[in-house]
Amino acid sequence: MASADILTPTTPEGKEGLAALLARPERAVVALDFDGTLAPIVPDPEQARAHPGAVPALVRLAPHLAAVAVVTGRPAGVAVRYGGFAGVPGLEHLVVLGHYGAERWDAHTGSVHTPGDHPGVTSVRAELPGFLDRNGSWRGTWIEDKGRAVAVHTRRTEDPDAAFEALRGPLAELAERHGLMVEPGRFVLELRPPGVDKGVALAAYLRETDAACVLYAGDDLGDLAAFAAVRSLREEEGLPGLLVASAAAETPKDVLAHADLAVPGPEGVVAVLDALADALEG
């Protein structure tokens, strides 16, 4: 993939964001989702690993920037392991904001800061197996324990779309009873505490780093909050930003509609990172 050719935003706002990043990289933050953006989507989320070019590209790019952040719904420590981010020279200032910002891993300390268990998640974790077993039409669903969230996947069912739609309402009722919310994704419904999302986490981190511009890349419905945060900062505070969609056949239309630049999956995201590094090294 020709790296220079991939840096072609299709919107005026995206072009302004790219120009700002290239003009003042030392004030720029590059923030990236993990699954579907840095790591290819796989049937078993426990087998997800960062694209082999992701860490080398970040190593090249990070020294030019104010900061690099990975913003994910996964536990921070899991994203660090699956991404291969720990102990990498050049990534000493990488931050992973896990559980939509409720957890944080800093590369320079190698430690995770996390709040305690949420009682609603604890209750739902115990209730979900029986809840799913009570209806055979949901056979093939499986539960992923994310620590401060619990996800129900339908990808392995006979009809993933039908199972997803059948579960959406009942899981929303279950979540509400326990003070939780449901975050939909691609063949996954995640039950988690309210009040945290990728937009809140990203906006707080941009304030912390005093960023003058931002690039955010994502691929799924959970990334729309971060897209919205960047759009709000562009419109209300004049902070330039570039929104990148990691696009695949299953990418929600809303993600593509709100992006300034769409690239072909994690391979395309890595090409964007390499193209930025090429431009800044030149």
Side-chain angles (χ1 to χ4, degrees), residues 30-59 68-88 91 94-105 107 110 112 114 121 125 128 140-157 160 163-164 183-192 197-198 201-202 216-226 244-252 255 262-274:
V30 168
L32 307 142
D33 167 52
F34 186 72
D35 291 283
T37 301
L38 285 178
I41 295 292
V42 292
D44 181 356
E46 293 184 2
Q47 300 304 313
R49 297 295 183 269
H51 185 283
V55 167
L58 289 172
V59 167
V68 174
V70 175
V71 189
T72 176
R74 286 188 182 269
V78 171
V80 171
R81 291 196 303 275
Y82 292 0
F85 301 133
V88 178
L91 295 184
L94 176 73
V95 168
V96 176
L97 304 176
H99 281 316
Y100 303 92
E103 289 187 350
R104 175 168 172 161
W105 176 86
V112 175
T114 180
V121 175
R125 183 182 295 118
L128 260 179
T141 57
W142 63 282
I143 300 167
E144 181 186 6
D145 189 345
K146 293 188 171 185
R148 282 185 59 83
V150 184
V152 177
H153 293 261
T154 68
R155 185 178 295 273
R156 297 177 185 171
T157 62
F164 180 92
E183 180 76 57
R186 286 188 274 176
F187 303 130
V188 60
L189 294 155
E190 183 172 308
L191 289 74
R192 62 178 175 84
D197 62 39
K198 291 183 180 182
L202 179 61
Y216 183 82
D219 75 305
D220 207 348
L221 296 175
D223 296 301
L224 289 177
V244 178
S246 175
E250 298 173 356
T251 303
V255 174
V263 298
E267 179 185 4
V269 173
V270 169
V272 166
L273 299 175
D274 275 327

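What you see below is based on every heavy atom in this structure, not just the backbone, and it leaves out hydrogens, waters and symmetry mates.
- To the nearest 0.5 Å, the span separating CG on Leu97 from CG on Asp33 amounts to 12.0 Å.
- Side chains of Arg74 and Arg81 form no contact here, defined as non-hydrogen atoms less than 4.5 Å apart.
- Closest heavy-atom contact between Ala57 and Asp274: CB-OD1, 3.4 Å.
- Of the charged side-chain nitrogens involved, none lies within less than 4.0 Å of a carboxylate oxygen, so that Arg148 and Glu103 do not count as a salt-bridged pair.
- Two residues are said to be in side-chain contact when any heavy atoms from C-beta on lie closer than 4.5 Å; Leu58 and Leu32 meet this criterion.
- Between the side chain of His153 and the backbone N or O of Arg155, no donor-acceptor pair lies under 3.5 Å.
- For Pro252 against Asp220, the heavy-atom pair with the smallest separation is CG-OD1, 3.5 Å.
- Judged purely by atom type and a 3.5 angstrom limit, Thr37 has no side-chain atom pairing as donor or acceptor with the backbone of Ser246.
- Scanning both residues, Val71 and Ala31, for their nearest heavy atoms gives CG2-CB, 4.3 Å.
- Put simply, the residue from Val152, Leu189, Val188 that forms a side chain to side chain contact (heavy atoms under 4.5 Å, CB included) with Thr141 is Val152.
- Annotation: side chain of Leu224 is in contact with side chain of Val255 (closest heavy-atom distance under 4.5 Å).
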TODO: Would you sort out whether Asp223 and Tyr216 count as a side chain to side chain contact (heavy atoms under 4.5 Å, CB included), showing the intermediate values?
DONE: CA-CA 9 Å; Asp223 296 301; Tyr216 183 82; 2.6 Å; yes

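- In terms of heavy atoms, Pro43 sits closest to Pro45 at O-CD, 3.5 Å.
- At a threshold of 4.0 Å, the pair Lys198-Glu183 does not count as salt-bridged, since none of the basic side-chain nitrogens sits closer than that to a carboxylate oxygen.
- Taking the six-membered ring where the residue is Trp, Phe34 and Phe85 present perpendicular rings, their angle passing 60° and hence far from 30°.
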Open item on the list: Pair Val96, Thr72 - check side chain to side chain contact (heavy atoms under 4.5 Å, CB included), show working.
Closed with: CA-CA 8 Å; Val96 176; Thr72 176; 4.2 Å; yes

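- A 4.5 Å side-chain heavy-atom check between Val70 and Trp105 finds every atom pair outside the cut-off.
- A donor-acceptor pair under 3.5 Å links the side-chain atoms of Asp44 to the main chain of Glu46, judged by distance alone.
- Geometrically, Arg192 engages Tyr100 in a cation-pi contact defined by less than 6.0 Å to the ring centre and at most 45° from the axis.
- Between His51 and Pro40, the closest heavy-atom pair is N-CD, 4.1 Å.
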Task: Trace of the side chain to side chain contact (heavy atoms under 4.5 Å, CB included) decision for Val68 with Leu91 - done: CA-CA 8 Å; Val68 174; Leu91 295 184; 5.8 Å; no

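- Using modelled atom types, one finds no donor on one side chain facing an acceptor on the other under 3.5 Å when comparing Tyr82 with Asp35.
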